[in-house]
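What follows is one structure encoded as structure tokens, with my remarks underneath.
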Amino acid sequence: MISPVVRRVHDVDEAMVGALADVLTDCVDGGASVSFMLPLTRERATSFWRHVSDGVRAGHRALIVAEDDRGVCGTVQLIFDLPQNQPQRADVAKMLVHRRARRQGLGAALMKAAEATARECGKTLLVLDAVTDGDAARLYARLGWVRVGEIPNYALFPQGGFCSTTVFYRDLAR
Ligand SMILES: CC(C)(COP(=O)(O)OP(=O)(O)OC[C@H]1O[C@@H](n2cnc3c(N)ncnc32)[C@H](O)[C@@H]1OP(=O)(O)O)[C@@H](O)C(=O)NCCC(=O)NCCS
């Protein structure tokens, strides 16, 4: 198996929308709390990525994807469309690794790429939130993100039932 290539995508065509919808669907089917409930329809998944595509074109988002020999297997985004008084920061969102590609260091590689892209774009502060004590929260803590605190009953798991979220930040200037 070829190890995944991680790259920033500036033009999200329909083939990429479909491939990203596949990754999102796999994560939601696997129980990840990433904004969507089950069942996640194809229409809802592709509509989300078309919205992301528009944001990338407008410069409101940076999209990073990982591809292996079977296609897109992971992704993460930086969101730049923030209030005017926060030009130094971005939100990190939709870190998704297909179940077939997990536990091989891809999540860490995607985050390193997101941080490098944020630096290239002149950002010094990143913020995100993740399900408390979940796989992602463990990954971010391991990569040096600072845990701010926990918000109980913040969101639902895709199959229902509340989960808490933990807010993290990363100071890229340090
Ligand atoms: C969270 C998520 C992105 C992590 O992706 P990943 O590619 O599995 O991440 P990594 O491989 O870098 O790290 C995961 C684990 O594999 C381990 N690992 C990394 N490389 C490894 C290797 N070569 N061999 C064995 N284990 C390895 C890491 O140490 C880590 O272990 P831990 O969970 O016990 O701490 C992924 O689980 C996912 O997409 N989840 C669903 C969506 C989601 O919740 N996204 C987060 C939104 S905030």
Side-chain angles (χ1 to χ4, degrees), residues 1-9 16 18-40 44-46 48-49 51-52 55 61-80 82 89-118 123 125-170 172:
M1 169 164 139
I2 303 164
S3 49
V5 174
V6 176
R7 66 184 176 101
R8 182 174 175 188
V9 175
M16 180 66 76
L20 289 163
D22 288 342
V23 174
L24 174 64
T25 300
D26 178 75
C27 289
V28 173
D29 285 350
S33 177
V34 287
S35 310
F36 298 95
M37 301 300 291
L38 284 170
L40 174 56
R44 193 182 288 272
T46 54
F48 169 74
W49 289 107
H51 169 72
V52 171
R61 290 170 188 250
L63 176 67
I64 292 162
V65 303
E67 290 161 301
D68 62 14
D69 49 355
R70 291 170 59 187
V72 176
C73 56
T75 183
V76 67
Q77 291 172 52
L78 293 167
I79 298 178
F80 302 134
L82 297 175
R89 79 172 193 88
D91 287 333
V92 175
K94 295 290 176 294
M95 162 75 87
L96 305 168
V97 174
H98 194 286
R99 284 176 287 182
R100 74 169 190 265
R102 288 189 194 164
R103 302 193 68 80
Q104 300 166 37
L106 187 53
L110 283 164
M111 184 55 87
K112 288 293 167 200
E115 291 178 6
T117 300
K123 304 299 175 186
L125 178 66
L126 297 177
V127 177
L128 63 73
D129 65 82
V131 171
T132 300
D133 296 331
D135 293 344
R138 207 164 48 250
L139 172 68
Y140 306 144
R142 178 159 53 85
L143 294 177
W145 283 66
V146 179
R147 186 182 179 282
V148 178
E150 192 176 319
I151 306 172
N153 297 337
Y154 183 79
L156 293 167
F157 286 109
Q159 68 278 22
F162 281 113
C163 58
S164 302
T165 201
T166 300
V167 178
F168 290 87
Y169 75 89
R170 178 100 163 115
L172 295 177

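All heavy atoms count here, side chains included; hydrogens, waters and symmetry mates do not. Start at 1 and go down the list; that is how both ligands and their atoms are numbered. In this chain, numbering begins with 1 at the start of the sequence shown.
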Practice item. Would you check, one step at a time, whether the test side-chain contact (heavy atoms from CB on, under 4.5 Å) holds for Leu128 with Trp145? Key: CA-CA 9 Å; Leu128 63 73; Trp145 283 66; 3.5 Å; yes
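- Scanning the protein heavy atoms around atom 32 (P) of ligand 1, the nearest turns out to be Arg138 NE, 3.5 Å.
- Those atoms of ligand 1 with a heavy atom of Leu106 less than 4.0 angstrom away are 7 (O), 11 (O), 12 (O).
- Residue contacts with ligand 1, taken as heavy atom pairs separated by less than 4.0 Å, do not involve Phe168 at all.
- Here the side chain of Trp49 pairs a donor or acceptor atom with the backbone of Leu20 at under 3.5 angstrom.
- Thr75 contributes no side-chain N or O that, together with a main-chain N or O of Val65, makes up a donor-acceptor pair within less than 3.5 Å.
- Contact annotation: for Leu139 versus ligand 1, heavy atoms closer than 4.0 Å belong to the side chain alone.
- For atom 47 (C) of ligand 1, a protein heavy-atom neighbour is present inside the 4.0 Å cut-off.
- Not one N or O of Val34 is nearer than 3.5 Å to an N or O of ligand 1, by distance alone.
- When Leu63, Thr117, Asp91 are each tested for a side chain to side chain contact (heavy atoms under 4.5 Å, CB included) with Leu78, only one passes: Thr117.
- Taking only nitrogen or oxygen atoms, main chain and side chain alike, Ala108 reaches within less than 3.5 Å of ligand 1.
- Val131 does not count as a contact of ligand 1, since none of its heavy atoms falls under 4.0 Å from the ligand.
- Checked against ring-ring contact (aromatic ring centres under 6.0 Å, His included), Phe48 has the following partners two or more places apart in sequence or in another chain: Phe36.
- Interface atoms of ligand 1 facing Asp129, defined by a heavy-atom separation under 4.0 Å, are 48 (S).
- Scanning Ala109, Gly105, Ser35, Ala136 for the heavy atom closest to atom 10 (P) of ligand 1 points to Gly105.
- Considering only non-hydrogen protein atoms, atom 39 (O) of ligand 1 sits nearest to Val97 N, 2.8 Å.
- In the candidate list Arg102, Lys94, Arg142, Arg102 is nearest to atom 40 (N) of ligand 1, counting heavy atoms.
- Annotation: atom 6 (P) of ligand 1 to nearest protein heavy atom, Gly107 N, 3.6 Å.
- In terms of protein heavy-atom proximity, atom 23 (N) of ligand 1 is nearest to Gln104 CA, 4.1 Å.
- Screening Leu106, Val92, Leu139 against Met111 for a side chain to side chain contact (heavy atoms under 4.5 Å, CB included) leaves a single residue, Val92.
- Atom 22 (C) of ligand 1 has its nearest heavy-atom neighbour, among Arg103, Met95, Lys112, in Arg103.
- Nearest heavy atom pair, residue Thr165 against residue Thr132, reads C-OG1, 3.2 Å.
- Side-chain atoms of Asp26 never come within 3.5 Å of backbone atoms of His98 as a donor-acceptor pair (strictly under, hydrogens ignored).
- At the shortest separation from atom 44 (O) of ligand 1 among protein heavy atoms lies Ala32 CB, 3.8 Å.
- Each of Met16, Arg61, Lys94 was scored for a side chain to side chain contact (heavy atoms under 4.5 Å, CB included) with Val52, with one residue passing: Arg61.
- A salt bridge does not link Arg102 to Asp135: none of the charged nitrogens lies less than 4.0 Å from a carboxylate oxygen.
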